[in-house]
**Student:** 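Please find one structure pasted underneath; my questions will follow.
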Amino acid sequence: MSLRTGIDVAYLVAAICFIIALRFLSSPKTARLGNLIGAAGMTLALAMTFATPGLTHFPLIVVAMVVGAVIGVPAARLVKMTAMPQMVAMFNGVGGGAAALVSLTEFSRDAGQHVAIYVIVEVLLGVIIGCVSFAGSAVSFAKLQELITGRPITYPGQQIVNAILGVVVLAFAGAVLATSSTLALVILLLLALVLGVAFVLPIGGADVPVLISLLNSFTGLAVAASGFVLHSTVLVVAGTLVGASGALLTRMMSLAMGRSLTNILFSAFGAVVTASGSTEGSGGGSVRAGTPEDIGVLLAYSRKVAIVPGYGLAVAQAQHVARELADTLTARGVEVYYAIHPVAGRMPGHMNVLLAEANVPYEQLEEMDDANRDMPTTDAALVVGANDVVNPAAKDSPGSPIYGMPILNVDQAANVIFLKRSMRPGFAGIDNQLLYDPKTTMLFGDAKDMLNQLVAAVRAA
Amino acid sequence: MTGSILNLVTVFVLAGFLGFEVISKVPSILHTPLMSGTNAIHGVILVGAIIVTGTAHGTTQLSLGFATIVLATLNVVGGFVVTDRMLEMFKSRSKQLTESGAPGQSQPSGPKGEDA
């Protein structure tokens with residue numbers, strides 16, 4: 001087996017590692033292993049690259065890698081958990097920049113010689129997509145880090161300016177195709193950076209994670225384009241895998257937010273849409289609906305879960321399966337408590353009677369004051385068929401009929417899950433703003449049926 | 001040359017379909033770690049960066065190559081480390097389970113590395 005073949009086999013193994021990594025990262029049980037397998041594949045591919053015949057400048061290469069690692073490892077190690085999204089944006093951006101530079105450098109080497117049209121197209125794609133990803137990620141980082149405002153940045157005539165920018169980029173792409181000029185390509189690179197900034201500015205802070213996922217997919221495609229330029233199969237495979245799975249993931253993320261991708265990317269362009277966005281809270285705002293599988297995983301990997309029973313639990317006769325869910329979670333090491341509001345249900349003590357019938361251990365029942373003390377440290381509050389007793393309007397809108405009523409502060413938990421049959425308001429007939437909160441997920445359906453599905457989902461997680 | 005470009009296009013198309021198929025039904029709690037994991041994988045551009053730099057001629061190409069390797073290394077190293085940190089919560093959970101042993105007893109807040 002020649003050295004060249006050996007290297008190619010190593011690249012094949014690396015590609016298989018990447019595929020397994022993606023598969024494993026899709027499930028909570030195997031996710032961590034998946035990441036390690038990906039890292040192992042990467043290490044193998046890099047190690048074998050050094051054996052490529054004809055390579056020189058090894059000291060320079062090693063020094064550059066050490067510099068990158070010395071910056072990268074501490075940055076990734078020390079960053080706070082809350083700052084993770086902007087770190088992902090940054091690491092994604094530098095990848096896109098690297099892909100653009102690889103294409104540019106390879107092109108400048110062949111400058112002056114006759115270059116086939118398809119090679120120039122590959123270079124153009126690598127440079128444009130890579131630069132858009134780099135600049136877009138940089139702006140995303142600035143938005144999340146609050147270096148600039150997280151609000152959509154718009155100005156009059158933005159669409160026209162962006163359209164002109166797009167046309168100019170296309171014109172220079174044509175110029176590079178016609179002349180194979182490195183100078184034209186460098187100008188194009190700078191224009192693509194501007195395009196990346198212009199693309200991201202009008203997107204609001206809450207939507208930036210979806211945007212980063214899209215840019216991540218872009219970087220994958222830029223890497224694939226560089227793979228075409230260099231005739232490197234492993235770059236094409238890995239880049240395309242990321243491009244395709246990243247596109248699908250972007251779609252899943254925007255669906256999980258209850259928005260369409262076009263809505264996220266372009267909604268700020270029309271002032272009308274923005275205006276309706278700001279009034280969103282007052283009634284028909286956007287609601288996030290989840291699946292039992294999603295919620296099951298969330299609960300299974302929480303530390304502390306509150307179950308908030310209400311009249312809906314009594315109607316559905318779901319107290320036994322609620323207890324089953326609590327037991328399943330407790331068996332996994334999750335701390336579970338029932339937060340009991342004194343007037344939950346249709347009579348005082350309704351919930352205590354109901355849960356006692358299901359033999360819920362007494363020490364898991366918490367009265368309102370105790371429960372409210374625990375709420376801020378609770379990872380997930382599962383509200384089963386209750387509404388008015390958790391409605392923050394009782395605290396913060398003096399005009400509301402229930403203003404002043406003591407409530408369970410589930411809005412202080414990290415995640416809120418409402419298990420309801422529909423969006424209909426509760427007994428008091430008052431709309432609940434908490435249903436529209438970004439940290440709230442709705443699980444529509446019969447309480448008993450949904451709890452059964454949650455039990456199954458937690459067991460599978 | 002035409003043959004080799006066709007081979008690459010074939011690989012590209014197949015990898016595209018595979019990318020769509022390999023992730024399916026990802027629970028939303030894993031969306032961000034998965035994004036970060038795929039982010040690390042496109043750090044494979046470092047392979048390209050090393051090849052370009054290793055065959056470079058002249059100061060311009062060498063400086064470009066140096067910058068490219070620094071950026072690509074940041075992508076690889078940072079990507080995998082950040083993903084691993086995100087996934088630590090899943091690991092600590094299973095470890096805590098084996099340590100606690102007896103199911104049915106509620107544990108006081110177990111050993112945790114990070115504030116998620």
**Student:** Under 3.5 Å, is there a donor-acceptor pair between the side chain of A:N216 and the main chain of B:M35?
**Tutor:**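 Side chain of A:N216 to backbone of B:M35: a pair is present.
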**Student:** Below 4.5 Å from any heavy atom of chain B, which atoms of A:L78 appear? Answer side chain, backbone, both or neither.
**Tutor:** backbone
**Student:** On a heavy-atom basis, which atom in A:L25 and which in B:G37 lie closest, and how many Å separate them?
**Tutor:**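 Looking at all heavy atoms of both residues, the shortest contact is CD1-CA, 3.8 Å.
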**Student:** Please determine, by modelled atom types, if A:R109 and B:T55 share a side-chain donor-acceptor pair under 3.5 angstrom.
**Tutor:**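 Short answer, yes.
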**Student:** Just by modelled atom types, is the A:N35 backbone N or O under 3.5 Å from a matching donor or acceptor in the B:D84 side chain?
**Tutor:**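 No, because the side chain of B:D84 does not come within donor-acceptor range (under 3.5 Å) of the backbone of A:N35.
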**Student:** Any side-chain heavy atom of A:S26 sitting closer than 4.5 Å to one from B:L30?
**Tutor:**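 Side chain of A:S26 against side chain of B:L30, heavy atoms only: no contact under 4.5 Å found.
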**Student:** Atom CD1 of B:I50 and atom CG of A:L60: how far apart are they, to the nearest 0.5 Å?
**Tutor:** 11.5 Å
**Student:** What part of A:T441 is in contact with chain B, defined as an atom under 4.5 angstrom from a non-hydrogen atom: side chain, backbone, both or neither?
**Tutor:** neither
**Student:** Can you tell me which portion of A:F58 sits under 4.5 Å from chain B's heavy atoms? Options are side chain, backbone, both or neither.
**Tutor:**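 Contact with chain B involves no heavy atom of A:F58 at all.
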**Student:** Measuring from A:E122:CD to B:L8:CG, what's the distance to the nearest 0.5 Å?
**Tutor:** 7.5 Å
**Student:** Please round to the nearest 0.5 Å and tell me the distance separating atom CG of B:N75 and atom OG1 of A:T219.
**Tutor:**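 Here the rounded value is 7.5 Å.
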**Student:** Between A:R32 and B:T83, is there a donor-acceptor pair closer than 3.5 Å when you use the side chain of the first and the backbone of the second?
**Tutor:** no
**Student:** Is it the side chain or the backbone of A:M42 that comes within 4.5 Å of chain B heavy atoms, both, or neither?
**Tutor:** side chain
**Student:** Who among B:V81, B:I51, B:L74, B:L14 has the most heavy-atom pairs with chain A under 4.5 Å?
**Tutor:**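 When all of B:V81, B:I51, B:L74, B:L14 are compared, B:L74 has the most.
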**Student:** Donor-acceptor pair, distance only, cut-off 3.5 Å: does the side chain of B:H42 make one with the backbone of A:V242?
**Tutor:**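 No; zero donor-acceptor contacts below 3.5 Å.
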**Student:** I need the minimum non-hydrogen distance between B:P27 and A:V297, along with the two atoms involved.
**Tutor:**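 Nearest pair, atom of B:P27 first, then A:V297: CB-CG2, 3.9 Å.
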**Student:** When A:S245 is tested against each of B:V26, B:I23, B:I41 for side chain to side chain contact (heavy atoms under 4.5 Å, CB included), which residue passes?
**Tutor:** B:I23
**Student:** Out of curiosity, B:F17 CZ to A:L241 CG, how far, rounded to the nearest 0.5 Å?
**Tutor:** 13.5 Å
**Student:** If I measure from the heavy atoms of chain B, does A:L230 come under 4.5 Å with its side chain, its backbone, both, or neither?
**Tutor:** side chain
**Student:** Is it the backbone or the side chain of A:I212 that comes under 4.5 Å from a heavy atom of chain B, or both, or neither?
**Tutor:**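 The answer is both parts of A:I212.
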**Student:** Quick one, B:F66 and A:V63 - any side-chain contact, counting heavy atoms below 4.5 Å?
**Tutor:**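 The answer is yes; the side chains approach within 4.5 Å.
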**Student:** What heavy-atom pair brings A:V88 and B:N39 nearest, and what distance separates the two atoms?
**Tutor:** O-ND2, 3.4 Å
**Student:** What part of A:S226 gets closer than 4.5 Å to chain B, counting heavy atoms only: side chain, backbone, both or neither?
**Tutor:**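 Only the side chain of A:S226 comes within 4.5 Å of chain B.
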**Student:** At their closest point, which heavy atom of B:E88 faces which heavy atom of A:R77, and how far apart are they?
**Tutor:**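 Shortest heavy-atom contact: OE2-NH1, 4.2 Å.
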